[in-house]
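For the numbers below, each heavy atom of this structure counts, side chains included, while hydrogens, waters and symmetry mates do not. In listed order, ligands and their atoms are each counted from 1. Here the structure is a predicted model, which means the values were calculated and not measured.
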Amino acid sequence: MTIADAILKDRFEGCLLGLAVGDALGGKFEAQSAEAIRARFPTAERLIAYPQEEIWYTDDTQMAIGVCEALIERGEIVEEVLCRAFVANYLPSRGYGRGARAVLDAMEDGRDYRQVAEKHFPGGSFGNGAAMRVAPIGLLFRDDLRRLWEQARLSSLPTHLHPLGIEGAQVLALAVGLCSNMEQFDRAGFFAELLAACASPEYRAKLEAAALVQTPDELAKLGNRIEALHSVSTAIASFALTPESFEAAISNVIFLGGDTDTLAAMAGALSGAYLGAGRLPARLVGLLESSPKGRAYLQQLAAQLSVVYQSE
Ligand SMILES: [Mg+2]
């Protein structure tokens, strides 16, 4: 293995482990208020030190595993393969929302899942469910940003048809791709590339605001909600605020309360893609679940995805 291969593998692994660790820690505080979390944990250090036993990821990581498996199988998104992977991984107890469960149940039964999605989300879902799982696409297509954008769209369609749900996934995938490619974090260049790609005035406004964030307290105004528009730019801003600290990137979004698992999953994926697995907090990574699709499996997926990437 060359040094370049080793760095690549480290970044891919960092992204998947970062996603899972952020999701698992954030999952302990989902739907809590910022005040309640702050009252228990006055500092980021205390929050990061909190888990003493295995930490278990939620639907975010479970669906990202599905995206990863589908990419490894076909080298690109094929909807049928992707849906099969979602179903094979699906455990309702991992925190899937009610609408997502209905869509996945339909997929599992071979029913028209798009019709079920339309019934639960008229006009298409604009939640962050497509963005929370999209990171592997950012890794695999990091050298072809047009293809990355299109593949992120295709990966959203089974569950998210609203333009703001799709664009959230596209923006996050692009951010992951950029993070995985940067040697030294270039804040201005990072936001310029995201702004140049984004299509809607809604995301443009959010990313312009994200680019101006100077302190953790300012992250709150970007949102902590389940809508992609009110969470994707928050995770991006948190990473960009503290690019050299995974712990800070996930803590600062968990401290916002609300959709803490997805916020920290997205911030963790970005941070891990930039820092690499070797710079993630070893104790937290070590606590990540040792289930059949736990830490070791995520490492294996990252290695396989990097092989697919190199064969493209
Ligand atoms: Mg979740």
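With salt bridges taken as basic N to acidic carboxylate O contacts below 4.0 Å, none links K206 and E227. Salt bridge E208/R204: present, at least one basic N to carboxylate O contact under 4.0 Å.
Distance CD/E312 to CZ/R147: 5.0 Å, rounded to 0.5 Å.
Protein N/O/S atoms found under 2.8 Å from the Mg ion (ligand 1): T58 OG1, D59 OD1, D60 OD1, D261 OD2.
Partners of F29 according to the ring-ring contact (aromatic ring centres under 6.0 Å, His included) rule, which considers only residues two or more places apart in sequence or in another chain, are F41, Y50. F12 meets the ring-ring contact (aromatic ring centres under 6.0 Å, His included) test with Y309; sequence neighbours excluded. Judged as a side chain to side chain donor-acceptor pair (under 3.5 Å), and not counting sequence neighbours, D112 has no contacts.
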